[in-house]
Amino acid sequence: MIRLAVFASGQGTNCENLIRYFAQSNLAQVTLVLSNHTNAPVLERASRLHVEALSLDRQQFSDAATLLPILRYHRIDFIVLAGFLLMIPDFLIKAYDHRMVNIHPALLPKHGGKGMYGRHVHEAVKAAGDTTTGFTVHWVSPVCDGGEIIEQRSVGILPSDTVDDIASKEHELEMEYFPAIVEDILRRTYPSAKT
């Protein structure tokens, strides 16, 4: 069984979706949720679904002597960033090379990088006059939103769509496709895993 950790900073809808998706899986399970905010709703969502949820501050997340033992203790094989707003430290990228993915709410390389998260992304899509939006799943690298793209899903948007409309369409895509994309990545990363 592949043991997953989900890192999230906010509401945690993707995290909850992943927990529920893998709850009946023979391939993987979400066994740990980490957040950088003590009052993030994601922590309550995870706890309600009987997944251990911890909060660490920015300093703890950037300290190998703090973070790595937590991941080792929970025997974490693979990390999914789902709305996690801190840059990932180099030591973690090395420790989980090609075993850590991020979801970004735009079609990278457009609308990525520093400051491009949440509503800011959807505002940028609207301001650019884009006719499509979507999300990108990519390997985590030292460059913000710069890791190798694994998969993307897109949806058309209309000139009349508001920022909220764009956000809603993009979020629906995430809810529909993200867990299955993670599952596919896990099958390719761990080809001998029992299913």
Side-chain angles (χ1 to χ4, degrees), residues 3-25 28-58 60-62 67 70-71 74 76 78-88 92 100-108 111-126 133-138 140 144-145 147 150-155 157 161-183 185:
R3 296 172 66 87
L4 306 177
V6 177
F7 291 10
S9 296
Q11 292 297 318
T13 54
N14 269 314
C15 179
E16 179 171 345
N17 201 20
L18 288 165
I19 293 169
R20 291 185 183 280
Y21 184 88
F22 286 107
Q24 306 303 319
S25 172
Q29 277 198 313
V30 177
T31 57
L32 179 66
V33 172
L34 293 179
S35 180
N36 58 313
H37 294 298
T38 55
N39 58 351
V42 67
L43 297 171
E44 183 184 333
R45 286 179 189 267
S47 295
R48 194 171 61 241
L49 295 169
H50 310 291
V51 173
E52 181 156 0
L54 305 172
S55 66
L56 302 176
D57 62 28
R58 182 186 295 266
Q60 291 170 311
F61 264 110
S62 63
L67 185 56
I70 291 170
L71 297 173
H74 290 277
I76 297 304
F78 197 94
I79 298 171
V80 179
L81 310 183
F84 187 67
L85 302 183
L86 290 182
M87 283 296 293
I88 300 301
L92 191 60
M100 180 167 35
V101 296
N102 180 51
I103 183 170
H104 181 76
L107 298 171
L108 294 173
H111 313 302
K114 189 175 168 85
M116 283 289 108
Y117 62 90
R119 189 172 178 86
H120 300 295
V121 175
H122 307 306
E123 289 170 346
V125 169
K126 176 70 174 173
T133 191
F135 70 86
T136 302
V137 179
H138 64 89
V140 176
C144 182
D145 298 327
I150 304 168
E151 294 229 18
Q152 294 181 312
R153 292 290 184 275
S154 62
V155 63
I157 51 177
D161 281 343
T162 65
V163 172
D164 287 340
D165 293 333
I166 293 168
S168 177
K169 287 181 176 183
E170 188 277 326
H171 190 253
E172 285 175 18
L173 276 185
E174 292 180 355
M175 293 297 102
E176 183 173 355
Y177 293 109
F178 185 41
I181 288 172
V182 171
E183 181 179 38
I185 293 166

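Numbering starts at 1 and runs along the sequence shown. Note: hydrogens, waters and symmetry copies are ignored here, and every other heavy atom, side chains too, is used. These figures come from a predicted structure and were not determined experimentally.
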Hey, what do you get for [atom1] ([X]) to [atom2] ([Y]), rounding to the nearest 0.5 Å?
X      : Y      : atom1 : atom2 : result
Ile166 : Ile157 : CD1   : CD1   : 4.0 Å
Arg45  : Cys15  : CZ    : SG    : 9.0 Å
Glu176 : Ile181 : CD    : CD1   : 10.0 Å
Glu44  : Leu49  : CD    : CG    : 10.5 Å

Checklist entry - Is the Phe84-Phe61 ring centre distance short of 6.0 angstrom? => result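 Yes, ring centres under 6.0 Å apart.
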Next on the checklist: According to side-chain contact (heavy atoms from CB on, under 4.5 Å), who are the partners of Glu172, at least two apart in sequence or on a separate chain?
Outcome noted: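 Expected list: Ser168.
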Next on the checklist: The criterion is side-chain contact (heavy atoms from CB on, under 4.5 Å); which residues satisfy it with Thr31, sequence neighbours excluded?
Outcome noted: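 Residues passing side-chain contact (heavy atoms from CB on, under 4.5 Å) with Thr31: Arg3, Gln29, Ile76.
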Any idea which heavy atoms bring [X] and [Y] closest together, and the distance?
X      : Y      : result
His122 : Glu170 : CE1-OE1, 3.5 Å
Thr136 : Ala106 : OG1-O, 2.7 Å
Ile103 : Gly83  : CG2-N, 4.4 Å
Gly113 : Asp145 : N-OD2, 2.8 Å
Leu173 : Gly134 : CD1-CA, 3.8 Å
Met116 : Ala124 : SD-CB, 4.0 Å

With heavy-atom distances below 4.5 Å as the criterion, would you say the side chains of [X] and [Y] are in contact?
X      : Y      : result
Leu92  : Leu67  : yes
Leu81  : Ile79  : yes
Val33  : Glu52  : no
Glu174 : Pro105 : yes
Ile70  : Leu54  : yes
Asn36  : Leu56  : no
Arg119 : Asp164 : yes
Leu32  : Leu71  : yes

Checklist entry - For Lys169, which residues count as a salt bridge (Lys or Arg N to Asp or Glu O under 4.0 Å) partner, sequence neighbours excluded? => result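 By the salt bridge (Lys or Arg N to Asp or Glu O under 4.0 Å) rule, Lys169 matches Asp161.
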Checklist entry - side chain to side chain contact (heavy atoms under 4.5 Å, CB included) between Met87 and Cys144: does it pass, once the steps are laid out? => result CA-CA 7 Å; Met87 283 296 293; Cys144 182; 3.6 Å; yes
Donor-acceptor check, side chain of [X] to backbone of [Y], threshold 3.5 angstrom: yes or no?
X      : Y      : result
Ser9   : Leu85  : yes
Asp165 : Thr162 : yes
Gln152 : Leu108 : yes

Item to check | Steps toward side chain to side chain contact (heavy atoms under 4.5 Å, CB included) verdict (Ser55, Leu43) | outcome: CA-CA 8 Å; Ser55 66; Leu43 297 171; 3.9 Å; yes
Item to check | Over 12 non-hydrogen atoms of neighbours within 6.0 angstrom of OH in Tyr21 | outcome: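 Count over threshold, so yes.
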Checklist entry - Is any NZ, NE, NH1 or NH2 atom of the basic residue among Glu16 and Arg48 found under 4.0 Å from an Asp or Glu carboxylate oxygen of the other? => result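 Result for this pair is yes, salt bridge flagged.
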Next on the checklist: For the residue pair Arg153 and Phe135, would you count it as a cation-pi contact if the rule is NZ or CZ under 6.0 angstrom from the ring centre and within 45 degrees of the ring axis?
Outcome noted: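 No, Arg153 does not sit over the ring of Phe135.
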Checklist entry - So, His171 and Thr13: side-chain donor and acceptor under 3.5 Å apart, yes or no? => result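 Yes, because at least one side-chain N or O of His171 sits under 3.5 Å from a partner of the opposite role on Thr13.
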